[in-house]
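Written out below as structure tokens is the structure these notes cover.
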Amino acid sequence: MPQVNPEVFHAKVYDITRLIPHGRVTSYGHIARLTGHPAHSRLVGSALKFLQDPDVPWHRVISSSGAIADRGDGGEAAARQAHRLTQEGVTIIHGRGEGVTVDFAHPNPNAKYRINMALFGWFPDQVHLEGYDEPNDEQIQDSDSDLTEPSDDE
DNA sequence: TCGGCGGCGTACA
DNA sequence: CTGTACGCCGCCG
């Protein structure tokens with residue numbers, strides 16, 4: 001397994017996220033798999049967290065359980081995410097039934113938003129990324145040819 | 001060096 | 001269904 005190149009990994013996460021179709025959702029874990037690092041699901045969330053590029057539809061990435069991840073901020077972030085998805089036509093299951101009107105302006109901290117993954121899930125086995133050698137492989141080539149140097153300078 | 005802590009995921013009770 | 005326990009791995013104190 002190649003080491004994780006943070007910059008490449010983040011770039012891949014953003015590129016893959018950009019490929020999620022309008023009105024569909026996928027999971028952190030699936031994006032991690034598509035980057036070639038299936039065990040880095042948490043890093044996917046981390047990458048999306050400090051995301052600033054408005055061109056990346058971060059709101060289309062949810063937990064594999066179909067629930068919108070709770071950021072522990074009083075439910076505001078999750079509410080925003082649910083709201084944006086609603087605007088895309090994604091049905092948010094809120095509480096006891098589908099199509100329940102949600103007051104996104106006053107999110108309930110205990111509110112949990114779920115999505116029917118069978119309907120809106122987008123889980124391609126593979127995606128084509130431009131600018132990378134191989135979809136599932138980022139071979140560390142000459143980028144770090146400093147192996148002649150022992151790591152004593154750090 | 002160590003120990004928590006994540007926009008997680010899976011397995012079980 | 002909910003709650004707990006781990007594994008995961010980079011980051012930060």
State whether A:Glu88 and A:Arg60 are salt-bridged, where the test is any N-O pair (Lys NZ or Arg NE/NH1/NH2 against Asp/Glu carboxylate O) under 4.0 Å.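 Result for this pair is yes, salt bridge flagged.
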
Note: A:Asp15-A:Lys12 ion pair, threshold 4.0 Å (strictly below):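 Salt bridge between A:Asp15 and A:Lys12, a charged N being under 4.0 Å from a carboxylate O: no.
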
Would you please indicate if the ring centroids of A:His10 and A:Phe50 are separated by under 6.0 Å?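 That pair passes the under 6.0 Å test.
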
Using whole Å, what does the distance between atom [atom2] of nucleotide [N] and atom [atom1] of [X] come to?
{"X": "A:Asp73", "N": "B:dG7", "atom1": "CG", "atom2": "P", "answer": "10 Å"}
{"X": "A:Met117", "N": "B:dT10", "atom1": "CE", "atom2": "P", "answer": "11 Å"}
{"X": "A:Tyr28", "N": "C:dG10", "atom1": "OH", "atom2": "P", "answer": "19 Å"}
{"X": "A:Lys112", "N": "C:dT2", "atom1": "NZ", "atom2": "C1'", "answer": "9 Å"}
{"X": "A:His30", "N": "B:dT10", "atom1": "NE2", "atom2": "C1'", "answer": "17 Å"}
{"X": "A:Phe50", "N": "C:dG10", "atom1": "CZ", "atom2": "P", "answer": "14 Å"}
{"X": "A:Phe123", "N": "B:dG9", "atom1": "CZ", "atom2": "C1'", "answer": "12 Å"}
{"X": "A:Ile31", "N": "B:dC8", "atom1": "CD1", "atom2": "C1'", "answer": "12 Å"}

Please determine whether side-chain hydrogen bond (donor to acceptor under 3.5 Å, both in side chains) holds for the pair A:Arg71 and A:Gln81, giving the CA-CA distance in whole Å, both sets of side-chain angles, and the decisive distance to 0.1 Å. CA-CA 11 Å; A:Arg71 259 63 120 229; A:Gln81 187 170 359; 2.8 Å; yes

Is any side-chain heavy atom of [X] less than 4.5 Å from a side-chain heavy atom of [Y]?
{"X": "A:Tyr28", "Y": "A:Ser63", "answer": "yes"}
{"X": "A:Arg18", "Y": "A:Pro57", "answer": "yes"}
{"X": "A:Phe9", "Y": "A:Thr35", "answer": "yes"}

Are any protein N/O atoms closer than 3.5 Å to N/O atoms in nucleotides 3-6 of chain B? If there are, list each pair with its distance.
{"unit_1": "B:dG6", "atom_1": "N9", "unit_2": "A:Arg42", "atom_2": "NH2", "d": "3.3"}
{"unit_1": "B:dG6", "atom_1": "N7", "unit_2": "A:Arg42", "atom_2": "NH2", "d": "2.9"}

Please list residues of residues 56-64 of chain A whose heavy atoms come under 4.0 Å from any atom in DNA chain B, ordered by number; otherwise none.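 Contacts with DNA chain B under 4.0 Å: A:Trp58, A:Val61, A:Ser63, A:Ser64.
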
Mapping A:Pro6 and A:Ser41 to their closest nucleotides on DNA chain C, which lands nearer the 5' end?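 That would be A:Ser41.
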
Pick the closest DNA chain C nucleotide for A:Arg114 and for A:His40 by heavy atoms, then say which residue is nearer the 5' end.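 Of the two residues, A:Arg114 wins.
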
Enter the distance from A:Arg24:CZ to A:Ile115:CD1 here, rounded to the nearest 0.5 Å.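 Reported value, rounded in 0.5 Å steps: 12.0 Å.
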
In Å, rounded to the nearest 0.5 Å, how long is the span from CG of A:Leu34 to CG of A:Leu19?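 It comes to 9.0 Å.
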
Take A:Asp53 and A:Tyr14, measure what side chain to side chain contact (heavy atoms under 4.5 Å, CB included) needs, and give me the verdict at the end. CA-CA 9 Å; A:Asp53 190 344; A:Tyr14 299 152; over 6 Å; no

Please lay out, stage by stage, how A:Phe123 and A:Thr26 fare under the test side chain to side chain contact (heavy atoms under 4.5 Å, CB included). CA-CA 6 Å; A:Phe123 298 97; A:Thr26 191; 3.5 Å; yes

Consecutive-pair stems (at least three Watson-Crick or G-U pairs, under 3.5 Å) that include DNA chain C: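 Stems (3+ consecutive pairs) listed as B:2-6 with C:9-13, B:8-13 with C:2-7.
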
Indicate, with a heavy-atom threshold strictly under 4.0 Å, whether A:Ser27 touches base, sugar-phosphate, or nothing.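 Touches sugar-phosphate only.
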
Sticking with atom P, work out how far C:dC6 lies from B:dG7, rounded to a whole angstrom.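 My reading of the P atoms in C:dC6 and B:dG7 gives 22 Å.
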
Testing A:Ile20, A:Asn116, A:Ile62, A:Val61 one by one against A:Val25 for a side chain to side chain contact (heavy atoms under 4.5 Å, CB included), which residue passes?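 For A:Val25, the side chain to side chain contact (heavy atoms under 4.5 Å, CB included) check succeeds only for A:Ile62.
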
